[in-house]
*Asks:* 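This is the structure I want to talk about, given as structure tokens.
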Amino acid sequence: MTSRELILGRLRAALGPPPNAPGEVARDYRPAGGAVHLDVLVHRLTDYGATVHQCADDEVAHVVDAILGGRRVVIPSGLPRHWLPDTVEALADDNRPTEQIATADGVVTAAAVAVAETGTVILDAAADQGRRVITLLPDVHICVLRVDQIAAGVPDALARLDPRRPLTWISGPSATSDIELNRVEGVHGPRNLHLVIVPRGSHHSGGSPRWTGP
């Protein structure tokens, strides 16, 4: 027996038999299908510093007017037109350069789903939500959410989403802190988040906004 074989043999004896393969991890501990509680979502969002509005679908324009009336807003191409009042100057995003998006006072989008348990709103870049960049640069984000888009927990929300789409998860306005725990807002996104919750199956009777072309 060589010295190498002797040393390796002693190492194997000290280590003992090889460990068994890891067992399969159970994934059914948090099944989907929980009850949806609107008040939980509202509580989470307000606790994060967001402002929550609840109104009919045809009243969304009034909310937008109260927040951004007389100012410039960027919007995704598929945003329902009746959500915008005549008092805003709407910049439809057709791959506008970031410099133009950054000069807008706010952005108005829809949402894909919201998680009541965590107070998280998720966008999936659909036509009424647009590119991620338009929700990062303006200072104010107004997001319109239907009641039937609220899921109880994360498993329920994931069941509604297509993982192949670009997903943006939003839990309150943008905020961070330095090593001394001084809170700084607006570093990674808008400083002001407004969530407008409308009932399921609402219809509108509003007019048309004033549009600004390229």
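In this chain, residues are counted from 1 in sequence order.
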*Asks:* Any link between I134 and V121 through a network of hydrophobic side chains (Ile, Leu, Val, Met, Phe, Trp, Tyr) touching at under 4.5 Å?
*Replies:*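 Hydrophobic grouping puts I134 apart from V121.
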*Asks:* Under the 3.5 angstrom rule, does the side chain of D105 hit a backbone N or O of R72 as a donor-acceptor pair?
*Replies:*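 Pair found, side chain donor or acceptor close to backbone of R72.
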*Asks:* What is the minimum heavy-atom distance between P76 and V108, and which atoms define it?
*Replies:*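 That closest heavy-atom pairing would be CD-O, 3.1 Å.
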*Asks:* To check you understand the geometry: which heavy-atom pair defines the closest contact between D139 and P190, and what is its length?
*Replies:*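 In this case the closest contact between D139 and P190 is O-CB, 3.4 Å.
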*Asks:* List the steps, then state whether side chain to side chain contact (heavy atoms under 4.5 Å, CB included) holds for H43 with D39.
*Replies:* CA-CA 6 Å; H43 174 74; D39 56 337; over 6 Å; no
*Asks:* Please round to the nearest 0.5 Å and tell me the distance separating atom CD of Q129 and atom SG of C143.
*Replies:* 7.5 Å
*Asks:* Take V42 and Q54 through the side chain to side chain contact (heavy atoms under 4.5 Å, CB included) test and state the conclusion after the steps.
*Replies:* CA-CA 10 Å; V42 173; Q54 298 186 55; 4.0 Å; yes
*Asks:* Rounded to the nearest 0.5 Å, how far does OG1 of T118 lie from OH of Y48?
*Replies:* 6.0 Å
*Asks:* Could you grab the distance from atom CG of L161 to atom CG of L167, nearest 0.5 Å is fine?
*Replies:* 5.5 Å
*Asks:* Short question: side chain of R132, backbone of A125 - any donor-acceptor pair under 3.5 Å?
*Replies:* no
*Asks:* Would R131 and N95 satisfy side chain to side chain contact (heavy atoms under 4.5 Å, CB included), going step by step from the backbone distance to the final call?
*Replies:* CA-CA 9 Å; R131 297 185 296 158; N95 291 318; 3.7 Å; yes
*Asks:* To check you understand the geometry: which heavy-atom pair defines the closest contact between P85 and V64, and what is its length?
*Replies:* CD-CG1, 3.7 Å
*Asks:* What heavy-atom pair brings H141 and T109 nearest, and what distance separates the two atoms?
*Replies:* NE2-OG1, 2.9 Å
*Asks:* Show your working on side chain to side chain contact (heavy atoms under 4.5 Å, CB included) between H194 and V63 and close with a plain yes or no.
*Replies:* CA-CA 10 Å; H194 294 262; V63 176; over 6 Å; no
*Asks:* Answer yes or no: is there a side-chain heavy-atom contact under 4.5 Å between P199 and D57?
*Replies:* no
*Asks:* Is there a side-chain contact between C55 and V196, using heavy atoms and a 4.5 Å cut-off?
*Replies:*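 In short, these two side chains touch, coming nearer than 4.5 Å.
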*Asks:* Would you give the length of the straight line joining atom CD of E117 to atom CG of L41, rounded to the nearest 0.5 angstrom?
*Replies:*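 Output value for this atom pair is 11.5 Å.
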*Asks:* So which heavy atom on L91 is nearest to which on A104, and how close?
*Replies:*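 For L91 and A104, the tightest heavy-atom pair comes out as CD1-CB, 4.4 Å.
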*Asks:* Checking R200 side chain against D148 main chain: does a donor-acceptor pair fall under 3.5 Å?
*Replies:*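 Between the backbone of D148 and the side chain of R200 there is no qualifying donor-acceptor contact (under 3.5 Å).
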*Asks:* Output the distance between atom CD1 (I197) and atom CG (L38), rounded to the nearest 0.5 Å.
*Replies:*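 It is 5.0 Å, given to the nearest 0.5 Å.
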*Asks:* Same hydrophobic cluster for V113 and V115, using side-chain heavy-atom links shorter than 4.5 Å among ILVMFWY?
*Replies:* yes
*Asks:* If the test is side-chain contact (heavy atoms from CB on, under 4.5 Å), which one of L68, N192, V107 qualifies with P138?
*Replies:* V107
*Asks:* Please report the interatomic distance CG(D124) to CG(D162), rounded to the nearest 0.5 Å.
*Replies:* 8.0 Å
*Asks:* Quick check on the hydrophobic clustering: are V154 and L45 connected, directly or via other members, by side-chain heavy-atom contacts under 4.5 Å?
*Replies:* no
*Asks:* Any non-hydrogen side-chain atom of S77 less than 4.5 Å from a side-chain atom of D93?
*Replies:*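 No, too far: nothing below the 4.5 Å cut-off.
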*Asks:* Of all the heavy-atom pairs spanning L137 and T98, show the shortest one and how long it is.
*Replies:* CD1-O, 3.6 Å
